[in-house]
A.B. asks: 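This is the structure I want to talk about, given as C-alpha cells.
Proteins come first, then strands; the chains are lettered A, B, ... in the order of their sequence lines, and each starts at number 1. Everything quoted here is computed from the prediction, not taken from an experiment.
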Amino acid sequence: MTGGSWLCLLAPLGGTILITLCGTRIPRVAAAWISTASCFVAFGGAVWAFLGVHDQHKALLRGEITTAWTWLQSGNFHAGLQLLVDPLSVVMMLIVSGVGGLIVLYSIGYMDGDDEERRYFAYMSFFVFSMLLLVEGGNLLMLLIGWGLVGLSSYLLIGFWHERPSAVQAAKKAFVMNALGDATMALAFFILIAHTHSLGFGANFNVRLSSTAINLVALGLLGGAVAKSAQIPLQTWLPDAMEGPTPVSALIHAATMVTAGVYLIARTYPIFEQARTVELIAAGTGALTLLVAGLIALVQTDIKRVIAYSTMSQIGYMFLGAGVGAYANGMFHLMTHAFFKALLFMTAGLAIHALAGEQDIRQMRGIGRLMPFTKWCFLAGALALVGIPPFSGFFSKDSIVASAAALGTWYGWIFWVCGIAGAFLTGLYTFRLWFLVFPGEPSPFVREHYHDHHGREGAWTMLAPVGVLAVLATVGGWLQWSPRWHPFTDWLAPAARTLAIAEPTSTQEYYTSAATVIAGLAGITLAWAIYSEKSVTIKALPFWRRTLEHKFYFDELYDAVFFGPAVAIANGLRREIEEPVILQTGTDLGEATMGTGGVVRRIQTGLLRTYVLFLAGGAAAVVLAFLIAK
Amino acid sequence: MSGLVVASAGNALVWVVWVVAAFSCLGSGVAVVTFSNPFFSALALIGNLGSLAVMYLLLSAEFVAAAQVLVYAGAIVVMFLFVIAYVGPRRETPWSGGPSWQTIGAVGAAGALLIELVVAVGMQASGSLSHDGKVGAAFGTPAWVGRVFLIDHLLAFEITSIVLLVAAVGGVILGSHTTRMDPGTISSDAAQERRQDVEVVR
Amino acid sequence: MLGPDVAWYLAVAAFLFGIGALGVLIRRNPLIVLLSLELMLNAGNLALIALSRHWHNGSGQIFALSVMAVAASEVCVGLGLVVAINRRNLALDVDKLSELRG
C-alpha cells in the first residue's frame, strides 16, 4: 500500500529527470512517451495503493503514514518527508494520475511538431509529480511544498509559448495571485506551529485552539484555497491562463490543480469545523462564484474561456459542498468534474487543432458536420456538465445542492437557490456554446481552414483519451446515487466524514434533483431557442452586456487598486530616491574623487626644490612634535 | 657650563683646537652653499671635511677620522671635481630662480630645523647628556672598530657592501653610452620616436 | 672628557645640518645640491661620533662608517645622473628638470 504511494509519487519525477537529463539526445516523441509512461506507472501505483486501502478499509483504518526521513528539525519541531495513504489521498491519486495520464497521452498528438516538445513533457511530468506530492503529503509541510510546486508548474506551462507576451503576462498573473494564497497559508501554518509545534495532521487536527487562532488559521487556509481554485476574489487569473496549450488547460486548470483548494478544505476539515463561520464563508464564496462565473460565461466568444468560466463555476459548487460540510459530495463532484471538464477541453482542443489554432466560436460554426466523433463526445461532456441523468454530473451536483438545503438555515436556503440558478445558467451557457459551434452547416471559415489528420479527426493519441473520458463522463457518476446507494461517501468516511447537519434526507435529495434537472433543461431549451432556432431574441441590454464582457470589472478594479498604485510608487521611488540619491551618490563619489585628485595633483610640481622644501618642512614639524611631547 | 672650567693646559689646548675646527667647519660650510662657481664649492667642502676629521680626532675616533679623510676628501670630492671639470663652467648664483615663497619657505624650514635641534640639545643638556667619563685606550682604534663592526654589526657591514655594489653598477649604467642619441635638446618622447624611426630604417 | 662637552659638538652638528639644508633648498645647480647634501650627512656623522664618545658605545662609529659608505654610493649615482643629463644637453638646473610632474 505504501509502496504504491511511493511509486505513484516518484514515477513522474523520474520521468521529468530522465527527460531533462537526456535533453536533445532523444527524439521529441521519445520524451513524450517517457512522460506518458511515467504517468501511467503512477496510475498503477495509485491502483496498488487503492487496493491496499480497500483491504484495510474494513478495519476503518484512518490511513497509514510512511516516512522517508526527518527533513526539517528545529528545536522540538519536526517535519518528516511523509506520505499519507488514506481514502481521500487515494481518490486524488487515482484522479490525478489517471486523468493526467490520459491528458499527457493526448498531448502527444496535440503538441506534435512543436519545437520545444521535450520541455513541455518535462513540465507536464513535473506537474503531475507536484500535484501528487500535494495530495499524498503526510503533513502540512509536504502539502505546502506540493502547493508551491504546482503553482510553479502552472506558471511554466501557461507561459510555455514564451514568445507570446500575452502568455507571459498570464503566467505572471497566475503566479502572483497564487503567491498571495501561499502567503496566507504560510501565515496559517505559522500560527499552527506556534500553538502545536508541529505540522502533522494528527497533532493539528485533534487540538483545540483558541477561537481567534483557529479562525485565523482557517482564514489563511481559505485564502490559499481561494487563490488556487480561482474563486472570487482571486479568480481573474484563470481565464487568462487559457493562453497555455489546451492539454495544460485540461489538466491543470480543470481537472487537478484548481481542485486542490477543495482537497485542502476536505483534508483540514477538523480545523474548519472548529471555525464554522469561516467554513460557511467558503461555502458562500463558492455560491457567489458559481453565479458570477456562469453569468460571465454567457458572453464569452473564446471557446476555451467559456469552458474556463464553467470550471470556475463548478469549483464554486465544490466549495459550496465542502463549505457546508458535505466533503464527500464535494469530492465526488471533483471526480466527475475531472472527467467531463477534461473531456470538454480535449474535444475543444480537437476542434482547435483541426482549425489550426482558431478559438473564436463565431468562426467555428458547423464544425460538427466535419468532426462527428468530436461532436458526440462534446455532447456527452456538455450533458454531464449540465447534470442531466444518466450522465455523471447529475449524481454529483445535485447532492451538493441538497446538502445546502439540509442545513435548514437561511443561508442554506440561499445556497440552495444559488445552486438551482447555477444549474440554469450552466445549461444556458453550455448549450449556447454547443449550438454555436457544432450543429448546422459548416461556415466558410471552417470549410476553408479545416484539415484532418490522415482522414481521421486527429491522431489516435488524441482520439483514444477523448473516447475513454467520454465513457467515464457518462458512467462515472453511477458510482453513487446519494439517496439510495453511496459507496463513495462511505469509503471516504474515515478520512472526511460528512457533517451531520449537512446530510440531506432522501426527500430533499429527490426534490433538489428534480429542481436542478428542470433548471438545466430550461437552460438548454432557452439556448436552443436563442441560438439554434433563433425564435427568441434577447433584448440588447448594453449595460449588462458590457459588464459581463468586462467580467464584472474585476480586472479593472485590481488594476486600479493594486497595480496602478504599485507602479506609481515604484516610479515615484525611482524618480525621487533611486535616481537622485542612490545613483547620484555613485556619480558624486566618482566626481569628488576625481576633483580631489585634480587638486592633489598640483602638489606634483616636478620641481625638485619644492619637494625638498616639503621634506624639510615636514621634518621640522615632526621634530617639533617630538620636542613638545618631551 | 662645565666646559669653561679650565682645569689644565691640556684642556685649554683641546678647547682652542676645537674652536678653530668648529669655526672652519661652519665657515667652509657656508662657503660651499654660497659660492657661485661649483669648483670653489667643492674645494670648500674639502676644508669642511678636514675640520670634521680634526673634531673626530678630538672625540677619540681615530679610525673614523682617517676614513673620513681618505674616503670623503680623497675619493668623493675627487669624483665631484672630475664631474665638475667634465660638465664645464657653470655659474649660478644662490637665491636666484623659483617662486619667492620657495626662498622664504626654504629659510623658514632650515631655520626651524636648526632652532629645534639647538633647543633639543639644550633641553637634553641637563639630562642624559650630562654623563661623562673616560674611555679605554682602545676606543676608536682600527682594531677595535674592526672587531665591533664585524662581530656586533655584521649585517650592517654586509648590507653596506651590497649598497656599494649596487651603486657601482648603477653608476656604470648611468654613465654608459646606451642609446644612439642625436645631439640637441630634445625631450624624451621625441627621443622615443627617433629611436623607433632609427630602428625602422634599419 | 677633555675639551667641550658633547653638547657643543651637537650644536656644531646642528648648525652644519641647517646650513646644508639651506643649500639644498636654495641652489639650482644639482652639483651644489649634492655638495650640500654631503654637508648634511657629515653633520649627522659628527653627531653620531660625539654621542658614541659620550656614551662609550661603539655603534655610533660603526654607523658613521656605514653612513660614509652610503654617502659615497649616493654621490656616485648622483654624479652619474648629472653626467647623463649633461650628455643629453639638458640644462643643469633642477628647476628645469621637471618632467616628472602631475
A.B. asks: Please name the pair of heavy atoms, one in B:His153 and one in C:Ser59, separated by the smallest distance, quoted to 0.1 Å.
C.D. replies: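 Answer, listing the atom of B:His153 first, then C:Ser59: NE2-OG, 3.2 Å.
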A.B. asks: Most heavy-atom pairs under 4.5 angstrom with chain C, which of B:Asp152, B:Val118, B:Val145, B:Leu164?
C.D. replies: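 Among B:Asp152, B:Val118, B:Val145, B:Leu164, the one with the most close pairs to chain C is B:Leu164.
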A.B. asks: Within the supplied structure, the quantity of interest is the number of heavy atoms (other residues, nucleotides, ligands) at a distance under 6.0 Å from B:Phe139 CZ; does it exceed 12?
C.D. replies: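 Enclosed: over 12 neighbouring heavy atoms sit under 6.0 Å from CZ of B:Phe139.
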A.B. asks: Within this structure, what is the CD1-CG distance for the pair C:Ile32 and B:Asn37, rounded to the nearest 0.5 Å?
C.D. replies: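 If I round to the nearest 0.5 Å, the distance is 8.0 Å.
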A.B. asks: With only heavy atoms counted, which part of B:Asn48 is less than 4.5 Å from chain C, the side chain, the backbone, both or neither?
C.D. replies: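 The side chain, not the backbone.
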A.B. asks: Going through the checks in order, is the side-chain contact (heavy atoms from CB on, under 4.5 Å) test met by C:Gln61 and B:Tyr56?
C.D. replies: CA-CA 10 Å; C:Gln61 298 192 3; B:Tyr56 290 165; over 6 Å; no
A.B. asks: When only pairs under 4.5 Å are counted, which of B:Val64, B:Val172, B:Ile159 shares the most heavy-atom pairs with chain C?
C.D. replies: B:Val64
A.B. asks: Which residue out of C:Gly18, C:Gly23, C:Ser73 racks up the most heavy-atom pairs below 4.5 Å with chain B?
C.D. replies: C:Ser73
A.B. asks: What part of B:Glu116 is in contact with chain C, defined as an atom under 4.5 angstrom from a non-hydrogen atom: side chain, backbone, both or neither?
C.D. replies: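 B:Glu116 has no heavy atom closer than 4.5 Å to chain C.
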A.B. asks: Does any heavy atom of chain B fall under 4.5 Å from the side chain of C:Asn86, the backbone, both, or neither of them?
C.D. replies: side chain
A.B. asks: Among B:Gly171, B:Gly29, B:Ser28, who wins on heavy-atom pairs under 4.5 Å with chain C?
C.D. replies: B:Gly29
A.B. asks: Applying the side-chain contact (heavy atoms from CB on, under 4.5 Å) test to B:Ile84, which of C:Val82, C:Leu31, C:Asn29 qualifies?
C.D. replies: C:Leu31
A.B. asks: How far apart are the closest heavy atoms of C:Leu65 and B:Ala67, and which atoms are they?
C.D. replies: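 Of all heavy-atom pairs spanning C:Leu65 and B:Ala67, the closest is CD2-CB, 3.9 Å.
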A.B. asks: Let's test your reading of the structure: which of C:Ile62, C:Asp93, C:Leu25, C:Leu16 forms the most heavy-atom pairs below 4.5 Å with chain B?
C.D. replies: C:Ile62
A.B. asks: Please flag which part of C:Asn45 lies under 4.5 Å from any non-hydrogen atom of chain B: side chain, backbone, both or neither.
C.D. replies: both
A.B. asks: For the CZ atom on B:Phe149, are there more than 12 heavy atoms of other groups (residues, nucleotides or ligands in this structure) within a distance under 6.0 Å?
C.D. replies: yes
A.B. asks: Where on B:Leu113 is there a heavy atom nearer than 4.5 Å to chain C: the side chain, the backbone, both, or neither?
C.D. replies: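 For B:Leu113, side-chain heavy atoms alone lie under 4.5 Å from chain C.
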A.B. asks: Quick one: do the C:Glu38 and B:Tyr72 side chains pair a donor with an acceptor below 3.5 Å?
C.D. replies: yes
A.B. asks: Considering non-hydrogen atoms only, spot the tightest contact between B:Ser36 and C:Arg27 and give its length.
C.D. replies: CA-NH2, 3.8 Å
A.B. asks: Would you mind telling me which of B:Val148, B:Val87, B:Val71 has the largest number of heavy-atom pairs within less than 4.5 Å of chain C?
C.D. replies: B:Val87
A.B. asks: Calculate, to the nearest 0.5 Å, the distance between atoms OH and CG belonging to C:Tyr9 and B:Leu59 respectively.
C.D. replies: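 The distance works out to 4.5 Å.
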A.B. asks: Report the distance from atom OG1 of B:Thr160 to atom CE of C:Met68, rounding to the nearest 0.5 Å.
C.D. replies: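 So the gap between those two atoms works out to 11.5 Å.
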A.B. asks: Surrounding CZ of B:Phe40 (heavy atoms of other residues, nucleotides or ligands, distance under 6.0 Å), is the total greater than 12?
C.D. replies: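 No, CZ of B:Phe40 has 12 or fewer neighbouring heavy atoms, counting only those of other groups under 6.0 Å.
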A.B. asks: Chain B heavy atoms under 4.5 Å from C:Ile19: which part of the residue, side chain, backbone, both or neither?
C.D. replies: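 Both backbone and side chain of C:Ile19 come within 4.5 Å of chain B.
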A.B. asks: Pick one of side chain, backbone, both or neither for B:Leu165, based on which atoms fall under 4.5 Å of a heavy atom in chain C.
C.D. replies: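 Contact with chain C: none, neither part.
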A.B. asks: Using a cut-off of under 4.5 Å on heavy-atom pairs, state which of C:Val12, C:Val77, C:Leu34, C:Leu79 scores highest against chain B.
C.D. replies: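 Answer, by heavy-atom pair count under 4.5 Å with chain B: C:Leu79.
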A.B. asks: Less than 4.5 Å apart, any side-chain heavy atom of C:Val83 and any of B:Leu174?
C.D. replies: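 Contact flag for C:Val83/B:Leu174 side chains = no.
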A.B. asks: Heavy atoms only: give me the nearest B:Ala61-C:Ile49 pair and the separation to one decimal.
C.D. replies: CB-CG2, 3.6 Å
A.B. asks: For B:Leu45, is it the side chain, the backbone, both or neither that has a heavy atom under 4.5 Å from a heavy atom of chain C?
C.D. replies: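 Answer is side chain: those atoms of B:Leu45 sit under 4.5 Å from chain C.
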A.B. asks: Where does B:Phe82 contact chain C at under 4.5 Å (heavy atoms): side chain, backbone, both or neither?
C.D. replies: neither
A.B. asks: Please identify, among C:Ala84, C:Ala21, C:Ser52, the residue contributing the most non-hydrogen atom pairs under 4.5 Å to chain B.
C.D. replies: C:Ser52
A.B. asks: Looking only at heavy atoms, which two atoms of C:Val75 and B:Met79 are closest? And how far apart?
C.D. replies: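 Taking every non-hydrogen atom into account, CG1-CE, 3.8 Å.
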A.B. asks: Below 4.5 Å from any heavy atom of chain B, which atoms of C:Leu92 appear? Answer side chain, backbone, both or neither.
C.D. replies: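 Looking at C:Leu92, backbone and side chain both touch chain B.
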A.B. asks: Side chain from CB out, backbone as N, CA, C, O: work out which of these in B:Phe80 comes under 4.5 Å of a heavy atom of chain C, or both, or neither.
C.D. replies: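 Both parts, backbone and side chain.
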A.B. asks: For C:Phe15, which atoms come within 4.5 Å of any heavy atom of chain B: side chain, backbone, both, or neither?
C.D. replies: both
A.B. asks: Counting C-beta onward and ignoring hydrogens, is there a side-chain heavy-atom pair between B:Ile76 and C:Cys76 closer than 4.5 Å?
C.D. replies: no
A.B. asks: Over all heavy atoms of both residues, which pair between B:Val33 and C:Ser36 is shortest? Give the atoms and the distance, please.
C.D. replies: CG2-OG, 4.3 Å
